[in-house]
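The structure appears right after this line, and notes come after that.
Heavy-atom basis, side chains included; hydrogens, waters and symmetry copies ignored. Since this is a predicted model, take the numbers as computed values, not measurements. Proteins get letters first, then strands, A, B, ... in listed order; numbering begins at 1 in each.
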There are 2 protein chains.
Amino acid sequence: MAPAALTTEAILDAAEDVLRRYGPAKTTVVDVARALGVSHGSVYRHFPAKAALQDAVARRWLARVSEPLEVTADGEGPAAQRLLRWLQQLAAVKQRMAREDPELFATFERLTAEAREVVAAHVDQLTAQVSRIVAAGVASGEFAQVDPPTAGRAVLQATAWFHHPSHAAEWRSPGIGAELDAVWSLISAGLGARSPVRRD
Amino acid sequence: MAPAALTTEAILDAAEDVLRRYGPAKTTVVDVARALGVSHGSVYRHFPAKAALQDAVARRWLARVSEPLEVTADGEGPAAQRLLRWLQQLAAVKQRMAREDPELFATFERLTAEAREVVAAHVDQLTAQVSRIVAAGVASGEFAQVDPPTAGRAVLQATAWFHHPSHAAEWRSPGIGAELDAVWSLISAGLGARSPVRRD
DNA sequence: GCACTGACAAAATCTGAATTCTGTCAGTAG
DNA sequence: CTACTGACAGAATTCAGATTTTGTCAGTGC
């Protein structure tokens, strides 16, 4: 059967495949077009430049990280518990990828290093999610009267060690899970949390 | 007058000069030897390899960071105040260097990226300093009964955003000082500090 | 004997000519 | 008209040959 008309989505799928196979350094627009059986000129009808295509792939990858977290952020239950789960989930997603497919993780890292604006938007989104959890906790009286945006950003910064890609090398430490717990026990108190999840 | 005998210290001084001038990528052992007016073979009497020389330079640079902090760590006054000052001092040293001499900072960063063991020792030293402050706070009853090594490491990890070189790009934000304060107000509560945030 | 030199082999890095890639656009096919 | 092609110029990348650098060591001179 004739392939469906060339869509932006199809190009992104192909680009992702090629990136996985060849890595970011060796992936060319010609490669992506060849994978689709079209000329590379066609790709430029959908993306103004290679950088825009890379940005779009990065955006999709990051969305796959932030969407499941969105569910957790807006879920039920005590805010402190939700926030801890959210942080553990974020850390687990990043750390699993780094551990199980280091090459793909390196690809991901390089791509995002160049897509600064896309990453900034992603970080804003994550900050907003944390801030929502904090705001819920403040509203329910579970947390002290902190400023949710400020505290949200602070929580994300304080846990950067466990989810920011530039610390990936440290994630090999077997105690990394306990270390996140230790940081959590520091910061959860700072939010004025009522039920500081005991784990002695 | 004849130059003093070639010492390890003199080589390190020359290596530092050359690194500042040419950057880490273009600095060769031959350059360092030329700066000293000796043959490069002589340098190898004092260092078994170029990497060892680079490690020694990195060790000296890092010592210049950790030594003043040592004074703060073992100083007088309430532990919480001392710890905050220590953190601000560490962040300020790194951030000032990154701001005022970005090229030298980049050189420093590259060099330390390769001197993994040296950096690990430095981090251990910093962790020990924080742990000492925490231990003092616990001993004086100012902090809750936390485990000093665990809490010390957690404090350093939670503030990595503000002192770890891989976050240097984020330090340009004008609110960076306030952001450290926000993280501090989270973690100081977690140590059970008396003053800043109530948590009963 | 001791501190250093300088020539050397192997490894790493540089250079520049040849190739490949990016981004554009007039042209083709349906 | 729309969706795509393919040829093209300039920019970026590759690759092999030339050069530099690393690390060793026998030799020099004090």
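Side-chain atoms of B:Thr28 lie closest to D:dT22 of the nucleotides C:dG23, D:dC4, D:dT22. Distances from the side chain of A:Tyr44 to the nucleotides D:dT24, C:dT24, C:dC21 place C:dT24 closest.
The number of heavy-atom neighbours closer than 6.0 Å to CZ of B:Arg59, taken from other residues, nucleotides and ligands shown, is above 12.
Across the protein-nucleic acid pair, A:Ile11 atom CD1 and D:dC4 atom C1' stand 12 Å apart, rounded to whole Å. Between A:Arg34 atom CZ and C:dT22 atom P there is a gap of 11 Å when expressed in whole angstrom units. Rounded to an integer number of Å, the gap from CG of B:Leu36 to P of C:dA3 is 16 Å. As rounded to whole Å, 10 Å separates atom P of C:dG23 from atom CG of A:Leu53. Atom-to-atom, NE2 of B:His40 to P of C:dA7 comes out at 12 Å; the value is rounded to the nearest Å. Per the geometry, OH belonging to A:Tyr22 stands 15 Å off P belonging to C:dT20, to the nearest Å. In this structure, B:Arg45 places its CZ atom 12 Å from C1' of D:dA26, rounding to the nearest Å. Rounded to whole Å, atom P of C:dA29 lies 20 Å from atom CG of A:Leu6.
At least one side-chain nitrogen or oxygen of B:Ser42 sits closer than 4.0 Å to the OP1 or OP2 atom of C:dT5.
At a threshold of 4.0 angstrom between heavy atoms, the contacts of B:Val29 are confined to the sugar-phosphate backbone, with no base atom among them. Base engagement by A:Ser39 is indicated by at least one non-hydrogen atom pair under 4.0 Å involving a base atom.
Under a 3.5 Å cut-off, the side chain of B:Arg82 and the backbone N or O of B:Gly77 do form a donor-acceptor pair. Side chain of B:His40 to backbone of B:Asp31: no donor-acceptor contact under 3.5 angstrom is found.
Between A:Gly41 and A:Asp31, it is A:Asp31 whose nearest contact on DNA chain C lies nearer the 5' terminus. Where A:Lys26 and A:Gly37 meet DNA chain D, the nucleotide closest to each residue was compared, and A:Gly37 sits on the side nearer the 5' end.
Scanning both residues, A:Trp171 and A:Pro165, for their nearest heavy atoms gives CH2-CA, 4.1 Å.
Classified by interplanar angle (parallel below 30°, tilted 30° to 60°, perpendicular above 60°), the ring pair B:His167/A:His164 is perpendicular.
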